[in-house]
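Note sheet for the following structure.
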Amino acid sequence: MDSPAIRDRTVLVTGGAGFIGSHLVDALHPHNEVRVLDTFTTGTRAYLPDGVTVIEGDIRDPIALQKAARGVDIIFHHAALVSVSQSVEAPRQSNETNLEASLLLLEQARQEDARVVVASSAAVYGHPEDLPVSETTPTKPSSPYGVQKLALDQYTRLYEDLYDVETVALRYFNVYGPRQQGPYSGVISTFLEQARADEPITIEGDGKQSRDFVHISDVVRANLRAATTDAVGEAYNIGTGQQTTIEELAETIRDATGSSSPIVHCEPRPGDIRHSGADTSKATRELGFEARVGLESGIRSLVGEGQPAVADEEDGPAQNHHWESGSYS
Ligand code: UD1
């Protein structure tokens, strides 16, 4: 299941200097003309290879957006305010970026006749009653962030229905990998940092809550498939189908780092989702997507930064798959 080749296209990656966007840029450059639109508020310029056209600007700014999108064939839309808690504190502010500006972007895509792949989220499901969640599971977001992603996800479908814009929404579960950093990064990067410093690993609540952790290389491959699929106007779950408790995660990270950190429990996060896990059969069927990197090998590769991630035998269908930053075959 090699990644489809995307070559000789003009592509725009919004949020291209961020965690997911910058890995996608690595997969697209230099075989395509790659543009990045980023504010560099949380993105990092050093992630961008030479030869990429950088437009420093905000997706809320129609002029910057117009400039970035002029003449493009494909837009990968990863610019967002990703903090769920910030969206709870300031819903209008995150709505401006995550929804209103995204709508501007869809309009721009319509004008340019460009395909759009948008970053949606498992947050659209809120607290699911049954697991794993499929795309037909009722959506009931539990945060403004989730509402914004759901509205965007629905708009992408509508833009295909109403205006024939080729759109795909990818509902990411818990993505992890190199370059994930900062105050709003995920639990894996937080635990790794704590373990490396031999500081306490802080489990919020009882640690029995679970997540579906998907490696960045799998997320990039899902994007490449979404960029070429005929099955447009659809939303797809992007996860591994495997659930891991936060308690297991803490132990795995402590073992992998050889850290002497104690594992401690603190207050549970208000409104925390108890369990999350993806049914990815639609993505397998329609995109030919299957996650390849198991959690243990993904973590081992993070611990030894620069080491390729290798699918564990028990962890996935594609055994012995090697991943190094920038390689997606
Ligand atoms: C994640 C996504 C979010 C998405 C949501 C969809 C990240 C960073 N966030 O949120 O964008 O909308 O999935 O469902 O990927 N935890 C600890 N200790 C810590 C940090 C976290 O125990 O130091 C726990 C949290 O309480 C939570 C779990 O780890 O139970 C995962 O937290 P986090 O990585 O922040 O992601 P989600 O809240 O699942």
Side-chain angles (χ1 to χ4, degrees), residues 15 18-21 42 78-88 91 94 97-99 118-128 131-133 137 139-153 169-197 199-216 218-219 235 237-240 243-254 261-278 295 298-299 302:
F19 164 47
I20 299 177
T42 54
H78 282 89
L81 288 184
V82 297
S83 165
V84 175
S85 55
Q86 274 191 333
S87 84
V88 173
S94 61
T97 296
N98 295 345
L99 185 56
V118 309
S120 182
S121 170
V124 302
Y125 300 113
H127 301 272
L131 285 164
V133 291
T137 296
T139 48
K140 198 179 175 195
S142 54
S143 65
Y145 174 84
V147 169
Q148 293 150 15
K149 287 291 180 181
L150 180 58
L152 170 60
D153 188 299
L170 299 177
R171 295 179 178 170
Y172 300 145
F173 282 66
N174 288 62
V175 188
Y176 71 99
R179 302 179 183 167
Q180 193 174 30
Q181 61 193 20
Y184 309 115
S185 66
V187 61
I188 290 187
S189 63
T190 304
F191 282 2
L192 259 178
E193 214 171 285
Q194 292 169 335
R196 282 186 174 130
E199 283 169 4
I201 296 177
T202 51
I203 294 180
E204 294 168 351
D206 64 5
K208 310 276 186 230
Q209 70 268 40
S210 65
R211 293 294 185 273
D212 183 335
F213 294 104
V214 58
H215 191 259
I216 182 67
D218 286 320
V219 167
N237 286 345
I238 302 300
T240 65
Q243 284 171 246
T244 305
T245 66
I246 298 304
E247 203 170 42
E248 286 163 354
L249 177 73
E251 279 160 18
T252 304
I253 289 180
R254 187 170 60 177
S261 292
I263 294 175
V264 300
H265 291 259
C266 51
E267 282 301 297
R269 194 184 279 183
D272 193 34
I273 289 165
R274 191 68 180 157
H275 297 292
S276 173
L295 183 60
I299 287 175
L302 266 180

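From a predicted model like this one, the values you see are computed outputs, not experimental measurements. Numbering of ligands and ligand atoms starts at 1, following listing order.
Under the side chain to side chain contact (heavy atoms under 4.5 Å, CB included) test applied with V124, the options T139, V133, V147 reduce to a single match, T139. Among K208, R211, H127, Q243, the single residue meeting the side chain to side chain contact (heavy atoms under 4.5 Å, CB included) criterion with H275 is Q243.
Q181 CD: more than 12 foreign heavy atoms inside a 6.0 Å radius.
Defined by atom type and a distance below 3.5 Å, a donor-acceptor pair is missing between the side-chain atoms of S87 and Q148. Between the side chains of T202 and Q194, at least one donor N or O sits under 3.5 Å from an acceptor N or O.
Ring geometry, F213 versus Y176: the interplanar angle exceeds 60°, so the pair is classed perpendicular (tilted spans 30 to 60°).
Against a heavy-atom cut-off of under 4.0 Å, Q209 is close to the following atoms of ligand 1: 26 (O), 30 (O). Distances below 4.0 Å separate heavy atoms of I203 from the following atoms of ligand 1: 22 (O).
Among all non-hydrogen protein atoms, the one lying nearest atom 6 (C) of ligand 1 is A123 N, 3.4 Å. Closest protein heavy atom to atom 10 (O) of ligand 1: N174 ND2, 4.1 Å. Protein heavy atom at the shortest distance from atom 28 (C) of ligand 1 is I246 CD1, 3.6 Å. Counting only heavy atoms of the protein, atom 18 (N) of ligand 1 lies nearest to T202 O, 2.7 Å. Given atom 7 (C) of ligand 1, the protein heavy atom at minimum distance is G186 CA, 4.3 Å. In this structure, the protein non-hydrogen atom closest to atom 22 (O) of ligand 1 is E204 N, 2.7 Å.
Under 4.0 Å from ligand 1, the heavy atoms of R211 that appear belong solely to its side chain. Residue contacts with ligand 1, taken as heavy atom pairs separated by less than 4.0 Å, involve Y145 solely via side-chain atoms from C-beta onward.
Taking any N or O of V187, backbone or side chain, at least one lies under 3.5 Å from an N or O belonging to ligand 1. Between S121 and ligand 1, an N or O atom pair is found at a separation short of 3.5 Å. The shortest N/O to N/O separation between D272 and ligand 1 falls below 3.5 Å. Polar contact with ligand 1: present for R269 (N/O pair, distance under 3.5 Å). The N/O atoms of T190, backbone and side chain alike, include none that comes under 3.5 Å of an N/O atom in ligand 1. Note: no N/O pair closer than 3.5 Å links S185 and ligand 1 by distance alone. Not one N or O of Y172 is nearer than 3.5 Å to an N or O of ligand 1, by distance alone.
Separation of atoms CZ (F19) and OG1 (T42) is listed at 12.5 Å; rounding is to 0.5 Å. To the nearest 0.5 Å, atom CG of residue L150 and atom CG of residue N98 are 13.0 Å apart.
Here the shortest heavy-atom pairing between A80 and K149 reads CB-NZ, 3.9 Å. Across every non-hydrogen atom of V214 and G239, the tightest pair is CB-CA, 3.9 Å. Across all non-hydrogen atoms, the minimal contact from H215 to P178 is NE2-CD, 4.5 Å.
The heavy atom nearest to atom 3 (C) of ligand 1, out of those in V84, I201, I188, is found in V84.
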>> Determine whether D212 and S276 satisfy the following criterion, side-chain hydrogen bond (donor to acceptor under 3.5 Å, both in side chains), listing intermediate values before the conclusion.
In response: CA-CA 6 Å; D212 183 335; S276 173; over 6 Å; no
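In this structure, F191 is part of the shell of residues with a heavy atom less than 4.0 angstrom from ligand 1.
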